[in-house]
Q: 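One structure, pasted below without further comment.
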2 protein chains.
Amino acid sequence: MLCSMASNGQSAKLPGFRGADASGGWMGKPRALELLASQAVIVRADREEEIVGQGEAAEYCYVVVSGCVRTVRLMEDGRRQVGEFLLPGDMFGWEALEEHDFSAEAVTAATLRRYPRRGLELLADRDHELARRLRALSARKLRAGRERMLLLGRKSASERIASFLLEMAERTGSGEGSPIELPMSRTDIADYLGLTIETVCRGLTHLQRQGTISIERARIWIRDRRALGVAGCEALH
Amino acid sequence: MLCSMASNGQSAKLPGFRGADASGGWMGKPRALELLASQAVIVRADREEEIVGQGEAAEYCYVVVSGCVRTVRLMEDGRRQVGEFLLPGDMFGWEALEEHDFSAEAVTAATLRRYPRRGLELLADRDHELARRLRALSARKLRAGRERMLLLGRKSASERIASFLLEMAERTGSGEGSPIELPMSRTDIADYLGLTIETVCRGLTHLQRQGTISIERARIWIRDRRALGVAGCEALH
DNA sequence: GAGGATGATTGATGTGTGTCAATGCCTCTG
DNA sequence: CAGAGGCATTGACACACATCAATCATCCTC
């Protein structure tokens, strides 16, 4: 069950929280939320536990403190699309309308800070800086969304897999030599990339045989960053 | 060439503009922009003309007044993904960061109102109502984006085509009996749905043979709304 | 009204990825 | 340490959609 406790603005001292801002959250750092700290509640979720349900009234939004969370859209016949993987520092749920149009589930055991959406709205009315941050945040999410549409609509399976590895390497900040620790299962990756689990496996194996990466379960080393960029159709810069 | 002229806040009287708010823009009506009218410029674009270029500095944002505009992301080898089709009342470009990460092109001859992004930002700082509208606008765009990820990642060709027809029927407000007038080519539809033009054609023909729709070039009648909903995996309500 | 350009449609064929199924590897439990 | 369960990997095969190619419809031009 989802466990929560009031944090009384002292959440910065709670275990697992200190690294949140330092981690450089992919979707933007919600520093301005410090003003809302008094309304924040720390929530813990076990692995595979649902944090918000698709269609649920959107009362709260969340910041991931530790662990990994996925957003999921489900079709009635069970087909699944993972919208995004959220890592420490990432925020979600504030961009809802009346209700959440996706569910959020813990990929690993996770800690989150939960804020009332209404409080955020009211604060944004008074704090231009926060409002701007929220706009920048949604701009980044929209940009990421367009990138993913290109991936889902036009890239081949191997291109998707290479792009995914590059994205995760960037987000987890895994440098030369240090591996990417993938918190999610192959099934999650497949549902994120619009592929099947078998195709993801084969794609990874293929990259390994080429010498581009090394695989050890959930740990992946990038051996040839350049080749991976080419395989993922990385734009020139 | 892109033609523009200062509107001095009287643009509401310009031909083609009157219908903009009445049309119920899909992405939300930017009524609050009336406050920015003095900074607005009317821009005209010929069919197939580029309005903003991918990678261009994001100085302006736009509201479509008449015609149809598409946003496009291009890969180096020519693969193309259409992000969205913009109809009268729809706004785009305000959710950029430093530069636009997509290009916008006129599908048909189009008229747009162009606003300086900086002016919009400044106004949003003072006007909570506008800021809220912008947040709601991006929430809707993000929601639409998640819906499209599901479509691109998990739906079959025929499901995508049925979903597309339903979306266009909704947005153009074509009721029973009156046809959908599709402003875009089959190629555009294909690039929007992550398919090839041939697959789009075949899918449409198939729906016609089933008696679900009737086709006459760019005009499409929905004969069996229910069957189309099933074909497009429309969620129950 | 002939000729050409452009876009839509249809057909034949190929292939990338999905589906089905077997096996392997690791972890947990008693 | 045996057995079970969960996930990852690999193989064989099928099929949905892409590709290649031909034809058709419409519009434009001279």
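Note that the coordinates shown come from a computational prediction; the quantities given were computed from them, not determined experimentally. Order of the sequence lines sets the chain letters (A, B, ...), proteins ahead of strands, with each chain counted from 1.
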Q: Figure out the CD/P separation between A:E216 and C:dC25, and round it to whole Å.
A: 14 Å
Q: Whole Å only: how far is the CD1 atom of B:I197 from the C1' atom of D:dC20?
A: 14 Å
Q: Mark yes or no for whether B:S178, through its side chain, and B:S174, through its backbone, hold a donor-acceptor pair below 3.5 Å.
A: no
Q: Given C:dC20, C:dG7, D:dA8, identify the nucleotide with an atom nearest to the side chain of A:E198.
A: C:dC20
Q: Using a cut-off of 4.0 Å on non-hydrogen atoms, how would the nucleic acid contact of A:S185 be classed: base, sugar-phosphate, or nothing?
A: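 Sugar-phosphate, backbone atoms only, no base.
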Q: Relative to each other, are the rings of A:Y192 and A:F85 parallel, tilted or perpendicular (30° and 60° limits)?
A: tilted
Q: Using side-chain heavy atoms (C-beta onward) and a distance below 4.5 Å, is A:L207 in contact with A:I215?
A: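 Answer no - side chains too far apart.
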Q: Between A:R148 and A:E84 (salt bridge meaning N to carboxylate O under 4.0 Å), is one present in this structure?
A: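 Looking at A:E84 together with A:R148, the answer is no, because their closest N to O distance does not fall below 4.0 Å.
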Q: How close or far is atom P of C:dG7 from atom CG of B:D191, stated in whole angstroms?
A: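 Answer to the nearest Å: 13 Å.
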Q: Please tell me which of A:R154 and A:V200 maps to the more 5' nucleotide of DNA chain D, matching each residue to the nucleotide holding its nearest heavy atom.
A: A:V200
Q: Calculate the interatomic distance between A:I220 atom CD1 and D:dA8 atom C1'; express it in whole Å.
A: 12 Å
Q: Using modelled atom types and a 3.5 Å cut-off, is there a donor and acceptor pairing between side-chain atoms of B:E95 and backbone atoms of B:G93?
A: yes
Q: In whole Å, what is the span from the CE atom of B:M184 to the C1' atom of C:dA8?
A: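 It works out to 16 Å between those atoms.
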Q: Answer whether the closest heavy-atom distance between the side chains of B:V72 and B:R80 falls below 4.5 Å.
A: yes
Q: Side chains of B:V63 and B:L112, heavy atoms from C-beta outward: is any pair under 4.5 Å?
A: no
Q: Select base, sugar-phosphate, or nothing to describe what A:L204 touches, counting heavy atoms under 4.0 Å on all strands.
A: nothing
Q: Could you tell me whether the phosphate oxygens of D:dC17, OP1 or OP2, come under 4.0 Å of any side-chain nitrogen or oxygen in B:T196?
A: no
Q: Please state how far atom CD in B:E159 lies from atom P in C:dG18, giving the value in whole angstrom units.
A: 14 Å
Q: Which nucleotide sits closest to the side chain of A:A157: D:dC17, C:dT17, D:dT9?
A: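 Comparing D:dC17, C:dT17, D:dT9 against the side chain of A:A157, the answer is C:dT17.
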Q: I'd like to know if A:R202 reaches the base of C:dG16 with its side chain such that a donor and an acceptor end up less than 3.5 angstrom apart.
A: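 Absent.
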Q: Would you mind reading off the distance between B:R186 atom CZ and D:dA18 atom P, rounded to a whole angstrom?
A: 16 Å
Q: What I'd like to find out is whether the side chain of A:I51 reaches to under 4.5 Å of the side chain of A:Y62, using heavy atoms alone.
A: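 They are in side-chain contact.
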Q: If an axis is fit to five pairs at each end of the helix from C:dG1-D:dC30 to C:dG30-D:dC1, what is the angle between the two, to the nearest 10°?
A: 30°
Q: Tell me the interatomic distance from A:L207, atom CG, to D:dT9, atom P, rounded to whole angstroms.
A: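 After rounding, the reported distance stands at 12 Å.
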Q: Using a strict 4.0 Å threshold on nitrogen-to-oxygen distance, state whether A:R226 and A:D224 make a salt bridge.
A: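 Here A:R226 does not pair with A:D224 in a salt bridge, since their nearest N and O are not under 4.0 Å apart.
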Q: Could you write out each protein N or O paired with an N or O of nucleotides 22-27 of chain D at a distance under 3.5 Å?
A:
residue: D:dT26; atom: O4'; partner: B:R217; partner atom: NH2; Å: 3.4

Q: Just N and O in the side chain of A:T199: are any of them under 4.0 Å from OP1 or OP2 of C:dG16?
A: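 No.
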Q: Looking only at side chains, do B:R223 and B:S214 share a donor and an acceptor under 3.5 Å apart?
A: yes
Q: Name the nucleic acid region contacted by A:G194, choosing base, sugar-phosphate or nothing; use a 4.0 angstrom heavy-atom cut-off, strictly under.
A: sugar-phosphate
